[in-house]
**Student:** 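This is the structure I have questions about; it appears just below.
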Amino acid sequence: YEVTVDAATTVDTAPAPEAQAEVDSAAADTTAADDSSVAATTVDAPAPAAQSEVDVAVTTADVVAVVETTAAAAATGASGSSGDIADSNIPTVTAVGTPSTNGCNPSNLAVCATLAKSDYQSASEAAASVGSDFNQACLDLNNHSRKFYGNPNPYLVWNEDLANWAVVSAAYANTLQVYDAHSYSGGSYPWGQNLYVGEATCAEAYYGWVTSEALGGGSTENGHFLNQAGWVSSDGSAYTQIGCGAYGNTIVCNYGLSDVSGALASMPTDYVSALALALEGIVYA
């Protein structure tokens with residue numbers, strides 16, 4: 001899902017660096033409290049790649065308890081036929097052939113670097129390969145990565161719930177304008193997360209997330225590439241599901257393992273209420 005922000009709430013800031021490399025440190029995200037106080041907590045870095053967090057200091061005054069709201073009110077300007085982030089627009093897997101192994105994998109990143117020289121070298125190249133539909137473009141570009149870099153696992157399928165929570169995480173990072181302000185991912189959540197502050201489509205984020213990090217070869221700062229190309233670890237584990245969302249100038253893709261239903265059913269709140277809080281720079285622990 002793609003959510004736009006009106007002029008009153010747009011934050012003007014310089015885009016994050018292309019590669020969006022993460023650093024190893026602890027995260028102190030702001031959490032919603034049961035009363036008018038806000039308690040700092042540590043949110044685990046997204047699994048499994050090198051997507052460690054940095055300390056994010058956020059001061060929020062007069063925070064109130066979670067209140068019920070509507071998707072339309074929380075997501076002003078959201079795209080979709082119904083006008084809110086609950087709109088259903090399920091993309092389908094494009095028939096692009098069967099993924100096959102070509103030697104590129106987390107244990108042989110030098111091969112990935114060689115392949116990257118022939119991958120999309122700009123946002124315009126990536127955009128030209130897909131249509132204008134946000135969800136379908138994200139799914140197609142991620143599955144392009146899986147095929148191009150030789151992940152032999154089945155293609156990713158779209159998960160609407162992961163997409164809803166991607167909008168929430170995008171809104172949170174967009175509010176803070178912090179390039180690695182991940183939320184609702186990693187740790188106890190069975191999905192990883194790619195985040196890009198400064199870009200609002202998967203095509204715009206492609207070079208920074210994929211090509212640039214793959215070109216780095218043996219660099220440890222390649223978590224976005226490994227997520228999008230479909231690997232979780234060197235033992236061959238793989239993501240099977242994806243859901244992406246954007247808010248303002250920020251895009252997020254969530255990558256789920258085979259069973260995310262239990263975790264989604266036990267989220268700390270519904271995603272609409274979480275979105276309203278995210279726009280205030282607040283996340284649940």
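Since the structure is predicted, the reported quantities are computational estimates derived from the model, not experimental observations.
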**Student:** Under the side-chain contact (heavy atoms from CB on, under 4.5 Å) test against Leu141, which residue among Cys202, Cys253, Cys244 passes?
**Tutor:** Cys202
**Student:** If you compare all heavy atoms of Leu275 against all heavy atoms of Ala171, which two are closest, and at what distance to 0.1 Å?
**Tutor:** CD1-CB, 3.4 Å
**Student:** Distance check, rounded to the nearest 0.5 Å: Tyr172 atom OH versus Ile282 atom CD1?
**Tutor:** 9.5 Å
**Student:** Going through the checks in order, is the side chain to side chain contact (heavy atoms under 4.5 Å, CB included) test met by Val210 and His224?
**Tutor:** CA-CA 7 Å; Val210 182; His224 303 95; over 6 Å; no
**Student:** Starting from the C-alpha separation in whole Å, work towards a yes-or-no answer on side chain to side chain contact (heavy atoms under 4.5 Å, CB included) for Leu226 and Leu109.
**Tutor:** CA-CA 10 Å; Leu226 295 178; Leu109 293 171; 4.3 Å; yes
**Student:** Could you tell me if the side chain of Tyr189 sits less than 4.5 Å from the side chain of Met267, heavy atoms only?
**Tutor:** yes
**Student:** Evaluate the ring planes of Tyr255 and Tyr239, with Trp represented by its six-membered ring, and classify them as parallel (under 30°), tilted (30 to 60°) or perpendicular (over 60°).
**Tutor:** tilted
**Student:** To the nearest 0.5 Å, what is the distance between CG on Asp140 and OG1 on Thr92?
**Tutor:** 7.5 Å
**Student:** Could you check whether any side-chain heavy atom of Val252 comes within less than 4.5 Å of a side-chain heavy atom of Gln193, counting everything from C-beta outward?
**Tutor:** yes
**Student:** Please lay out, stage by stage, how Leu257 and Trp191 fare under the test side chain to side chain contact (heavy atoms under 4.5 Å, CB included).
**Tutor:** CA-CA 6 Å; Leu257 297 173; Trp191 55 83; over 6 Å; no
**Student:** Between atom OG of Ser122 and atom OH of Tyr206, what is the distance when rounded to the nearest 0.5 Å?
**Tutor:** 11.5 Å
**Student:** Show the numbers, then the answer: is there a side chain to side chain contact (heavy atoms under 4.5 Å, CB included) between Lys147 and Tyr155?
**Tutor:** CA-CA 8 Å; Lys147 179 184 180 184; Tyr155 289 117; 3.6 Å; yes
**Student:** Look up atom OG in Ser183 and atom CG in Leu195, then write down how far apart they are to the nearest 0.5 Å.
**Tutor:** 8.0 Å
**Student:** Would Tyr247 and Thr175 count as a side chain to side chain donor-acceptor pair (under 3.5 Å) here? Give the steps.
**Tutor:** CA-CA 9 Å; Tyr247 199 100; Thr175 298; over 6 Å; no
**Student:** So do the side chains of Leu264 and Trp165 get within less than 4.5 Å of each other, counting heavy atoms only?
**Tutor:** yes
**Student:** What verdict does the ring-ring contact (aromatic ring centres under 6.0 Å, His included) test give for Phe225 and Tyr149, after you've listed the backbone C-alpha separation in whole Å, the side-chain angles of each residue and the deciding distance to 0.1 Å?
**Tutor:** CA-CA 10 Å; Phe225 163 66; Tyr149 290 97; 4.9 Å; yes
**Student:** If you compare all heavy atoms of Ala229 against all heavy atoms of Asn151, which two are closest, and at what distance to 0.1 Å?
**Tutor:** O-ND2, 3.2 Å
**Student:** State, yes or no, whether a side-chain contact exists between Leu277 and Tyr284 at a heavy-atom distance under 4.5 Å.
**Tutor:** yes
**Student:** Taking all non-hydrogen atoms of both residues into account, name the closest pair between Gly230 and Arg146 and its distance.
**Tutor:** CA-NH2, 3.0 Å
**Student:** For the residue pair Asn249 / Gln177, report whether a side-chain donor-acceptor contact shorter than 3.5 Å exists.
**Tutor:** yes
**Student:** State, without any angle test, whether Gln121 and Thr211 hold a side-chain donor-acceptor pair at a distance under 3.5 Å.
**Tutor:** no
**Student:** Would you say Tyr120 and Ser129 are linked by a side-chain donor-acceptor pair, where the criterion is simply a distance under 3.5 Å?
**Tutor:** yes
**Student:** Side chains of Tyr196 and Thr201: does their closest heavy-atom pair fall under 4.5 Å?
**Tutor:** no
**Student:** Do Asn159 and Gln241 pair up side chain to side chain, a donor and an acceptor below 3.5 Å, judged on atom types alone?
**Tutor:** yes
**Student:** Ignoring hydrogens, what is the shortest heavy-atom contact between Thr269 and Ser273? Give both atom names and the distance.
**Tutor:** OG1-CB, 3.5 Å
**Student:** Looking at Gly256, is its backbone amide N or carbonyl O close enough to the side chain of Asn254 to form a donor-acceptor pair, meaning the two atoms are under 3.5 Å apart?
**Tutor:** no
**Student:** Might you point out which heavy atoms bring Ile251 and Ala205 nearest each other, and give the distance in Å?
**Tutor:** CG2-CB, 4.1 Å
**Student:** Going by the rule ring-ring contact (aromatic ring centres under 6.0 Å, His included), which residues pair with Phe148 if we only count those two or more places apart in sequence or in a different chain?
**Tutor:** His144
**Student:** Are a donor atom and an acceptor atom from the side chains of Ser258 and Thr240 found within less than 3.5 Å of each other?
**Tutor:** no
**Student:** Quick check for you: to the nearest 0.5 Å, what is the distance between Leu215 atom CG and Asn222 atom CG?
**Tutor:** 11.5 Å
**Student:** To the nearest 0.5 angstrom, please state how far the CG atom of Leu156 sits from the CG atom of Asn143.
**Tutor:** 5.0 Å
**Student:** Any side-chain donor-acceptor pair under 3.5 Å between Ser145 and Asn142?
**Tutor:** no
**Student:** Just by modelled atom types, is the Ala110 backbone N or O under 3.5 Å from a matching donor or acceptor in the Thr114 side chain?
**Tutor:** yes
**Student:** Between Asp133 and Asn135, is there a side-chain donor-acceptor contact under 3.5 Å, judged purely by atom types and distance?
**Tutor:** no
**Student:** Looking at every heavy atom in both Gly245 and Ala170, which two are closest together, and how far apart are they?
**Tutor:** O-CB, 3.8 Å
